[in-house]
There are 2 protein chains.
Amino acid sequence: MLELIAGKWTMLVLVALEDGRPMRFAELRRRLDGVTSKVLTQTLRALEREGLLIRHVYPTVPPCVEYRLTKLGEEVGGLVQSITDWSQANIAAIQVAREEFDERTTRRPAGSYGSEHRPTRSGDAPD
Amino acid sequence: MLELIAGKWTMLVLVALEDGRPMRFAELRRRLDGVTSKVLTQTLRALEREGLLIRHVYPTVPPCVEYRLTKLGEEVGGLVQSITDWSQANIAAIQVAREEFDERTTRRPAGSYGSEHRPTRSGDAPD
DNA sequence: CGGTATCCATCCCGATACTG
DNA sequence: CAGTATCGGGATGGATACCG
């Protein structure tokens, strides 16, 4: 499951479908903006395989294919959504942390990141 | 944030530290079992940069380094934990879905996965 | 102990072209 | 429209060796 989520587009698909409305391939593709059809297909197949979404084909010409989350998928979608929500809400704090970290690390020479090897005995470490 | 989480070990680190207890480098490494020190360092640095964890160095010889989640980190850790919890609880359902999918796909020849191109007009598709 | 440096396999993803 | 086929680059992660 963690491996699945690790995919670059997986979470975005989950969030896009999380409102319960089924979406067609092209619509999904536009909404994700940047994904190629190949990769989108891969992502959707992987989600389908885990039982998180259903692929429904209307046998028309040209074909019309709809994707919607299963119950399982909506559950995961909700959890993923909560992460993206949290991220949005904390962008500012994260940005600050990043800048502080970068300043901390770019200022000092490479070697001084670790301990300053002051000759102390190990006994000083906490339990 | 999603990119960060996408890292192979990031979520595991978050979960490992989620109980609030600080952990040392080697302890983390054992607990994750399989990660190399290089990759673990990369993961920890990335998390530190986003402000999700603190690295504390006791300047002893040999060095002792502790990692603990920040407030931000614990929040994300909780969310990630909820995903892993969900995964555990639904392993069975996912396993079934996988087997059904694999059977569905291995049985038919490659071409028949899509629509069966019955010559129907597009008008038959739903709105 | 807690890293870093280096090299390398792999794998994910993207671009492009083509199809029923 | 909704894919598949093929190719290739770049990032990610692993193995190994070494260091303060």
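Within every chain, numbering begins at 1; the chains are lettered A, B, ... in the order of the sequence lines, protein sequences first and strands thereafter.
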J.: Looking only at side-chain N and O atoms, does Arg55(B) come under 4.0 Å of OP1 or OP2 in dG3(C)?
T.: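 It does, given that an N or O in the side chain of Arg55(B) lies less than 4.0 Å from OP1 or OP2 of dG3(C).
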J.: Closest approach to the side chain of Ser37(A), judged atom by atom: which nucleotide of dT4(D), dA15(D), dC1(C) is it?
T.: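 For the Ser37(A) side chain, the nearest candidate turns out to be dT4(D).
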J.: Can a side chain N or O of Lys8(A) be found less than 4.0 Å away from OP1 or OP2 on dG14(C)?
T.: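 For dG14(C), OP1 or OP2 has a side-chain N or O of Lys8(A) closer than 4.0 Å.
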J.: With the side chain counted from C-beta on, respond yes when Leu12(A) and Leu2(B) share a heavy-atom pair under 4.5 Å apart, and no when they do not.
T.: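 Touching, per the 4.5 Å side-chain cut-off.
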J.: Mind calculating the distance between NE2 (His56(A)) and P (dG3(D)) to the nearest angstrom?
T.: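 Rounded to the whole Å, the gap is 13 Å.
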J.: Going from CG on Leu69(B) to CZ on Arg21(B), what distance comes out if it is rounded to the nearest 0.5 angstrom?
T.: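 Rounded to the nearest 0.5 Å, the CG-CZ separation comes out at 12.0 Å.
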J.: I need the residues from residues 9-20 of chain A with at least one non-hydrogen atom less than 4.0 Å from DNA chain D; give them sorted by number, or say none.
T.: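 The answer is none.
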J.: Determine whether a donor-acceptor pair (N or O, by modelled atom type, separation under 3.5 Å) exists between the side chain of Ser87(B) and the backbone of Met1(A).
T.: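 No: the side chain of Ser87(B) does not pair with the backbone of Met1(A).
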J.: Angle between the two end axes of the helix from dC1(C)-dG20(D) to dG20(C)-dC1(D), five base pairs per end, rounded to 10 degrees?
T.: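 The helix from dC1(C)-dG20(D) to dG20(C)-dC1(D) shows an end-to-end axis angle of 50°.
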J.: First locate atom CD of Glu50(A), then atom CD of Gln95(B), and finally report the distance between them rounded to the nearest 0.5 Å.
T.: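 Answer for the CD-CD pair, Glu50(A) versus Gln95(B), is 9.0 Å.
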J.: Got a second to check how far Ile54(A)'s CD1 is from Leu47(A)'s CG, nearest 0.5 Å?
T.: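 It comes to 12.0 Å.
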J.: What contact category does Gly34(A) fall into here, base, sugar-phosphate, or nothing, at under 4.0 angstrom with non-hydrogen atoms?
T.: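 Here Gly34(A) touches no strand at all.
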J.: Check the distance between dA15(C)'s C1' and Lys38(A)'s NZ and give it to me in whole angstrom.
T.: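 Answer to the nearest Å: 9 Å.
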J.: Is the shortest side-chain heavy-atom distance between Leu44(B) and Leu40(B) below 4.5 Å?
T.: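 Contact flag for Leu44(B)/Leu40(B) side chains = yes.
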J.: With respect to the phosphate group of dG2(C), does any side-chain polar atom (N or O) of Arg24(B) fall under 4.0 Å of OP1 or OP2?
T.: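 Looking at the OP1 and OP2 atoms of dG2(C), one of them is under 4.0 Å from a side-chain N or O of Arg24(B).
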J.: Closest-nucleotide mapping onto DNA chain D: is Tyr67(A) or Val39(B) further toward the 5' terminus? I mean the 5' end.
T.: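 Looking at DNA chain D, the more 5' nearest nucleotide goes with Tyr67(A).
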J.: I want to confirm an ordering. Mapping Thr43(B) and Glu27(A) to their closest nucleotides on DNA chain D, which one lands closer to the 5' end?
T.: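 Residue closer to the 5' terminus by nearest nucleotide: Glu27(A).
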J.: In whole angstrom, give the distance that lies between atom CD of Gln42(B) and atom C1' of dT12(D).
T.: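 Rounding to the nearest Å, CD of Gln42(B) and C1' of dT12(D) are 8 Å apart.
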J.: Grab the CD-P distance between Glu66(A) and dA2(D) for me, whole Å please.
T.: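 These atoms are roughly 9 Å apart.
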J.: How long is the line joining CZ of Arg30(B) and C1' of dG2(C), in whole Å?
T.: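 My rounded result for the distance is 12 Å.
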J.: Rounded at 0.5 Å granularity, tell me how far OG1 in Thr70(A) sits from CD in Glu75(A).
T.: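 Separation between the atoms: 8.0 Å.
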J.: In whole angstrom, give the distance that lies between atom CZ of Arg29(B) and atom P of dT4(C).
T.: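 In whole Å, dT4(C) P lies 13 Å from Arg29(B) CZ.
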J.: Taking NZ, NE, NH1 and NH2 as the nitrogens, is one of them in Glu48(A) or Arg98(B) under 4.0 Å from a carboxylate oxygen of the other?
T.: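 Looking at Arg98(B) together with Glu48(A), the answer is no, because their closest N to O distance does not fall below 4.0 Å.
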J.: What is the distance from CG of Leu28(B) to P of dG3(C), rounded to the nearest Å?
T.: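 One finds 10 Å between P of dG3(C) and CG of Leu28(B), rounded.
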J.: Are any side-chain N or O atoms of Thr10(B) and backbone N or O atoms of Leu4(B), one a donor and one an acceptor, separated by less than 3.5 Å?
T.: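 Between the backbone of Leu4(B) and the side chain of Thr10(B) there is a qualifying donor-acceptor contact (under 3.5 Å).
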J.: Any side-chain N or O of Arg45(B) below 4.0 angstrom from OP1/OP2 of dT4(C)?
T.: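 Arg45(B) to dT4(C) OP1/OP2: side-chain N or O found under 4.0 Å.
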J.: What is the distance, to the nearest angstrom, from the CD atom on Glu3(A) to the C1' atom on dT12(D)?
T.: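 Computing the Glu3(A):CD to dT12(D):C1' distance gives 14 Å.
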J.: Are Leu17(B) and Val57(B) connected in a single hydrophobic cluster, I mean Ile/Leu/Val/Met/Phe/Trp/Tyr linked by side-chain heavy atoms less than 4.5 Å apart?
T.: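 Yes: a chain of side-chain contacts under 4.5 Å links Val57(B) to Leu17(B).
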